[in-house]
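Written below as structure tokens is the structure these notes are about.
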Amino acid sequence: KAGVTQTPRYLIKTRGQQVTLSCSPISGHRSVSWYQQTPGQGLQFLFEYFSETQRNKGNFPGRFSGRQFSNSRSEMNVSTLELGDSALYLCASSPRWTQVGSYEQYFGPGTRLTVT
Amino acid sequence: QKEVEQNSGPLSVPEGAIASLNCTYSDRGSQSFFWYRQYSGKSPELIMFIYSNGDKEDGRFTAQLNKASQYVSLLIRDSQPSDSATYLCAVLSSNTGKLIFGQGTTLQVKP
């Protein structure tokens, strides 16, 4: 099976711009989660989608948003970029929703976002 | 108190030794526990998951879970230099349904 794919892999933006990142989960996986990883804060949960519905949300400002399509592909959007948004953004797919039994997440390669 | 705590390390072991990585968690109701390996510049890779008290073995890796003491550990036998990476412990919160990650322990295996 093909793994989780994320596009683009690298991105450079300037403050105030917006950005959209894309994630395609493993075939058959219906849950997609997004994380931000920085050296200082580690891996922080952004949100999770299952069947096109946001099932869980982390403690990030409203500038961070996401959505999921009927084919389980997901996008996340960050508006009005700030310098502190520079990070590795990781997408993870799972066959199940978090509240249902076991839960294994498989990560994509990530998108490295640099805000200047 | 952090929800998931790990010693940041680095933990340095000689090649061929057993590396022991530990993780404690605060949510007593948690049922699912995961270990990820992350090489520098790469994304986390799931290497073990454990749901029941006791040990779970997979090749050179053994995950140990003690719910009463609220800790989970990862043992790596016959450590190899290629095992040098950051190991992330993750716990599925019973309260929020979110996967909570520790800060990770850096393991260095010296030839």
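What's counted below: heavy atoms across the whole structure, side chains too, no hydrogens, waters or symmetry copies. Chain identifiers are assigned alphabetically (A, B, ...) following the order of the sequence lines, protein sequences preceding nucleic acid strands; residue numbering begins at 1 within each chain.
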How about [atom1] on [X], more than 12 heavy atoms from neighbouring residues, nucleotides or ligands closer than 6.0 Å, or not?
| X | atom1 | value |
| --- | --- | --- |
| B:Arg77 | CZ | yes |
| B:Gln38 | CD | yes |
| A:Asn59 | CG | no |
| B:Tyr71 | OH | no |

With heavy-atom distances below 4.5 Å as the criterion, would you say the side chains of [X] and [Y] are in contact?
| X | Y | value |
| --- | --- | --- |
| A:Gln105 | B:Leu46 | no |
| B:Glu45 | A:Phe107 | no |
| A:Ser33 | B:Leu99 | no |

When you measure from the side chain of [X] to the backbone of [Y], do you find a donor-acceptor pair of N or O atoms at a distance under 3.5 Å?
| X | Y | value |
| --- | --- | --- |
| B:Ser43 | A:Gly108 | yes |
| B:Lys98 | A:Glu48 | no |
| B:Tyr36 | A:Tyr106 | no |

| request: Examine whether an atom of B:Ile100 lies under 4.5 Å from a heavy atom of chain A, and if so say whether it belongs to the side chain, the backbone or both; otherwise answer neither. | output: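 Interface part for B:Ile100: neither.
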| query | Which pair of non-hydrogen atoms, one from A:Leu90 and one from B:Pro44, has the smallest distance, and what is that distance? | reply |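 Taking every non-hydrogen atom into account, CD1-CD, 3.8 Å.
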| Looking only at heavy atoms, what is the nearest atom pair of A:Asn56 and B:Thr96, with distance? |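 Residues A:Asn56 and B:Thr96, closest heavy atoms: ND2-O, 2.6 Å.
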State plainly whether one hydrophobic cluster holds both [X] and [Y], where clusters connect Ile, Leu, Val, Met, Phe, Trp and Tyr through side-chain heavy atoms under 4.5 angstrom apart.
| X | Y | result |
| --- | --- | --- |
| A:Phe60 | A:Tyr89 | yes |
| B:Trp35 | B:Ile76 | yes |
| B:Val91 | B:Leu21 | yes |
| B:Leu65 | B:Tyr87 | yes |

| query | Side chain, backbone, both or neither: which part of A:Gln41 has a heavy atom under 4.5 Å from chain B? | reply |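 The backbone, not the side chain.
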| task | Give a yes or no on whether the ring-centroid distance for A:Phe45 and B:Phe101 is below 6.0 angstrom. | result |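 No, they do not, as the ring centres are separated by 6.0 Å or more.
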